[in-house]
**Student:** 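Just passing along the structure, written as structure tokens.
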Protein chains: 2
Amino acid sequence: MSTITTLTSALQQAGMRLTPQRTSICELLVDSDEHPTAAMIYETLKPRFASLSLATVYNTLDTLVSLGVVNVLGHAGDDKVHYDADTEPHVNLACLSCSKIVDIPSEHVTHLDAEITAASGYKLLGARVLYYGLCPACQKKQARQATMKRN
Amino acid sequence: MSTITTLTSALQQAGMRLTPQRTSICELLVDSDEHPTAAMIYETLKPRFASLSLATVYNTLDTLVSLGVVNVLGHAGDDKVHYDADTEPHVNLACLSCSKIVDIPSEHVTHLDAEITAASGYKLLGARVLYYGLCPACQKKQARQATMKRN
DNA sequence: TTCCAAATTTAGAATGATTATAAAATAAGA
DNA sequence: TCTTATTTTATAATCATTCTAAATTTGGAA
């Protein structure tokens, strides 16, 4: 599991300075289990840094992604780009109705790396496993609406 | 494996007309193993339909995606959105250097559906499994360049 | 065939996320 | 403190995608 230090020390080892903005972005990514978007990060931190710029958020995210400590999830039902500080093999499961994304540990995903490397000869650098569907709550909601229509 | 009929009949069953433009887009998606982007599809078909509009390409792709017969792959190394007519469980493997995307059949991926459904209670509607790394050719290229620098 | 209404395509404008730029602010070291 | 490189900021620019209204095409009915 990623801690704040995982992200901040990645930045430092890449020779970058640990500014308050960068540290806060890293904290937010690790603390939140909501797979935030760049805009969500910006809005959340704006009260703390009155002069915060979206460019800073994007720059920091890009750096973290290229350092391999953060993953990108796009097209997860809401057409927004989400960021995930958990780079351990796992399944991201997005609800197409309420747009929440949850993480699922998976026996099979943990074995995928070896299987793919053996089959392809590629040198693997990262992964994004995204499933989408309807969460239990939204399934009920849909069933309820269908019933109401019928009556 | 998807055939042209898989896509075209999906459109028809959704009550949509089979126009020449739509048919050609479906053909291209099925025939190509290059996971084309909207822009690539537009450029390829432009000679055949002088008046083709990008809006038509986007509309058709969106429809096919929402019908579940085409998948979307974003952030596959080249920051472009690719489309994949193969919706069977498999791994998409993207090379970060040459940006080609290949499909890998996988024993583990075929079992993921059942595992995720059991673990989450979600009703699954689709999936996108994207790994990225360096293909064998690009690994050699990188090794060669490292050698040249040393000398 | 001809006509009609609905669906579709088209061209171009609008949107909106992301990127680029240049100036101001900040941090680290001498 | 002074100096210099890095970083942040504000704003402009870019570009993929979506929207809109008009023109075209389609399939069915007469």
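Throughout, protein chains are lettered first and strands after them, A, B, ... in sequence-line order, and every chain is numbered starting at 1.
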**Student:** Please test A:Asp103 against A:His35 for side chain to side chain donor-acceptor pair (under 3.5 Å), starting from the C-alpha separation and ending with a verdict.
**Tutor:** CA-CA 10 Å; A:Asp103 291 338; A:His35 305 74; 2.9 Å; yes
**Student:** Rounded to the nearest angstrom, tell me the gap between atom CZ in A:Phe49 and atom C1' in C:dA25.
**Tutor:** 14 Å
**Student:** Can you check side chain to side chain donor-acceptor pair (under 3.5 Å) on A:Asp86 and A:Asn71, steps first, answer last?
**Tutor:** CA-CA 7 Å; A:Asp86 185 358; A:Asn71 272 343; over 6 Å; no
**Student:** Could you walk me through whether B:Thr6 and B:Thr3 satisfy the side chain to side chain donor-acceptor pair (under 3.5 Å) test, starting with their C-alpha distance in whole Å, then the side-chain angles of each, then the deciding distance to 0.1 Å, before giving a yes or no?
**Tutor:** CA-CA 5 Å; B:Thr6 314; B:Thr3 65; 3.2 Å; yes
**Student:** Tell me: NZ of B:Lys80 to C1' of C:dA17, nearest whole Å?
**Tutor:**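 Computing the B:Lys80:NZ to C:dA17:C1' distance gives 16 Å.
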**Student:** Nearest whole Å is fine: how far is C:dT19 P from A:Leu61 CG?
**Tutor:** 10 Å
**Student:** Nearest-Å distance, CZ (A:Arg22) to P (C:dA27)?
**Tutor:** 12 Å
**Student:** Would a distance-only check, ignoring hydrogens and angles, find a side-chain to backbone donor-acceptor pair under 3.5 Å from A:Lys80 to A:Thr37?
**Tutor:** no
**Student:** In chain order, what residues pass the ring-ring contact (aromatic ring centres under 6.0 Å, His included) check against B:His108, with sequence neighbours excluded?
**Tutor:**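 By the ring-ring contact (aromatic ring centres under 6.0 Å, His included) rule, B:His108 matches A:His108, A:His111.
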**Student:** In this structure, how many angstroms lie between the C1' atom of C:dT9 and the NZ atom of B:Lys46, rounded?
**Tutor:**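 Rounding to the nearest Å, NZ of B:Lys46 and C1' of C:dT9 are 12 Å apart.
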**Student:** Go nucleotide by nucleotide along DNA chain D from the 5' end; which of B:Val81 and A:Asn59 gets its closest nucleotide reached first?
**Tutor:**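 It is A:Asn59 whose nearest nucleotide is closer to the 5' end.
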**Student:** Name the nucleic acid region contacted by A:Ser51, choosing base, sugar-phosphate or nothing; use a 4.0 angstrom heavy-atom cut-off, strictly under.
**Tutor:** sugar-phosphate
**Student:** Between the protein and nucleotides 18-28 of chain D, are there any N/O to N/O pairs under 3.5 Å, and if so, what are the atom names and distances?
**Tutor:**
from	atom 1	to	atom 2	distance (Å)
D:dT26	O2	B:Arg17	NH1	3.3

**Student:** Rounded to whole Å, please give me the gap between CD1 in B:Ile41 and P in C:dT9.
**Tutor:**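 Going from CD1 in B:Ile41 over to P in C:dT9 covers 14 Å.
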**Student:** Send over the distance from B:Met40 CE to D:dA16 P, rounded to a whole Å.
**Tutor:** 14 Å
**Student:** Less than 4.5 Å apart, any side-chain heavy atom of B:Leu64 and any of B:Cys26?
**Tutor:** yes
**Student:** In whole angstrom, what separates A:Arg48's CZ from D:dT8's C1'?
**Tutor:** 17 Å
**Student:** Could you please spell out the steps behind the side chain to side chain donor-acceptor pair (under 3.5 Å) verdict for A:Ser106 and B:Glu115?
**Tutor:** CA-CA 8 Å; A:Ser106 160; B:Glu115 188 190 25; 2.6 Å; yes
**Student:** Side-chain N or O of A:Gln21 less than 4.0 angstrom from OP1 or OP2 on D:dT9?
**Tutor:**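 Yes, because at least one side-chain N or O of A:Gln21 sits under 4.0 Å from OP1 or OP2 of D:dT9.
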**Student:** With a 4.0 Å cutoff (strictly under), does any side-chain N or O of B:Ser53 reach OP1 or OP2 of C:dT9?
**Tutor:** no
